[in-house]
Amino acid sequence: MPNRQNKLLVPAADSRLDALKFEIANELGYPLHVGEGKATPQNWNRILDQMKYEIAQELGLTPYIKNGYWGDLSSRACGAVGGRIGGKLGGNMVRQMILFAEQNLLK
């Protein structure tokens, strides 16, 4: 049986990936959804939480969310909410990482 401990492969990369997330979120205007000027480690969870509920409302899922409990939703419905948030953010992060790698390969 595999040992499933969620250890980071490169621990130092965690803070750099967070910095990239904040940078991309700012470029996409995510903080503006909750009236913040910029995404930071302090307000990041609040920004994502607000966006999660906005997307759930757009998808008509709010009647199934009771007092912050999402357990009555299907995995597919939760994935639709997460995919809307993560899709833009993740896709743009990948583009930035590819651009960075291409620029540094040329050196």
Side-chain angles (χ1 to χ4, degrees):
M1 182 174 209
N3 185 4
R4 296 185 186 258
Q5 295 178 359
N6 290 328
K7 292 183 181 178
L8 295 173
L9 185 59
V10 182
D14 192 38
S15 63
R16 300 293 296 173
L17 281 174
D18 282 343
L20 180 60
K21 282 184 211 172
F22 303 141
E23 182 181 326
I24 299 299
N26 287 322
E27 288 176 11
L28 294 173
Y30 277 23
L32 301 177
H33 286 281
V34 293
E36 300 284 344
K38 184 178 181 190
T40 65
Q42 292 76 27
N43 67 6
W44 181 244
N45 286 332
R46 186 172 60 247
I47 291 169
L48 287 181
D49 208 43
Q50 178 70 28
M51 290 185 61
K52 180 172 70 173
Y53 281 95
E54 285 178 15
I55 291 170
Q57 185 175 9
E58 288 174 14
L59 296 173
L61 301 174
T62 49
Y64 306 103
I65 302 168
K66 295 175 181 63
N67 297 324
Y69 177 71
W70 291 61
D72 293 332
L73 291 175
S74 68
S75 297
R76 180 180 292 266
C78 289
V81 173
R84 289 252 189 112
I85 293 173
K88 283 184 182 179
L89 187 63
N92 282 290
M93 284 180 63
V94 170
R95 283 187 202 93
Q96 289 284 8
M97 288 187 272
I98 290 171
L99 179 64
F100 177 78
E102 288 174 345
Q103 290 171 345
N104 286 298
L105 284 174
L106 296 173
K107 292 181 181 179

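- Separation of atoms OG1 (T62) and CG (L73) is listed at 9.5 Å; rounding is to 0.5 Å.
- Inter-residue side-chain proximity for N92 and E27 is flagged as unmet; no heavy-atom pair is nearer than 4.5 Å.
- Here the shortest heavy-atom pairing between A39 and P31 reads N-CG, 3.3 Å.
- For the atom pair CG (L20) and CD (Q96), the distance works out to 6.5 Å, reported to the nearest 0.5 Å.
- One finds the CD1 atom of I55 at 6.5 Å from the CD atom of E58 (value rounded to the nearest 0.5 Å).
- Rounding to the nearest 0.5 Å places CG of L105 at 10.5 Å from CD of Q103.
- Under the 4.5 Å side-chain criterion, counting only non-hydrogen atoms from C-beta, E23 is not in contact with N26.
- In this structure, N43 and E36 approach most closely via the heavy-atom pair ND2-OE1, 3.3 Å.
- For the atom pair NZ (K38) and CD1 (I47), the distance works out to 11.0 Å, reported to the nearest 0.5 Å.
- Taking hydrophobic clusters as Ile, Leu, Val, Met, Phe, Trp and Tyr residues chained together by side-chain heavy-atom distances below 4.5 Å, F22 does not share a cluster with F100.
- With salt bridges taken as basic N to acidic carboxylate O contacts below 4.0 Å, one links K52 and D49.
- Applying the side chain to side chain contact (heavy atoms under 4.5 Å, CB included) criterion to L48, with sequence neighbours excluded, gives W44, I85.
- Follow the hydrophobic side-chain contacts under 4.5 Å out from Y64 and you reach M51 in the same cluster.
- The shortest non-hydrogen separation linking G68 to Y53 is CA-OH, 3.3 Å.
- Atom CG of L59 and atom CZ of R84 lie 4.5 Å apart (nearest 0.5 Å).
- Proximity of R95 to I98: side-chain heavy atoms (C-beta onward) are nowhere separated by under 4.5 Å.
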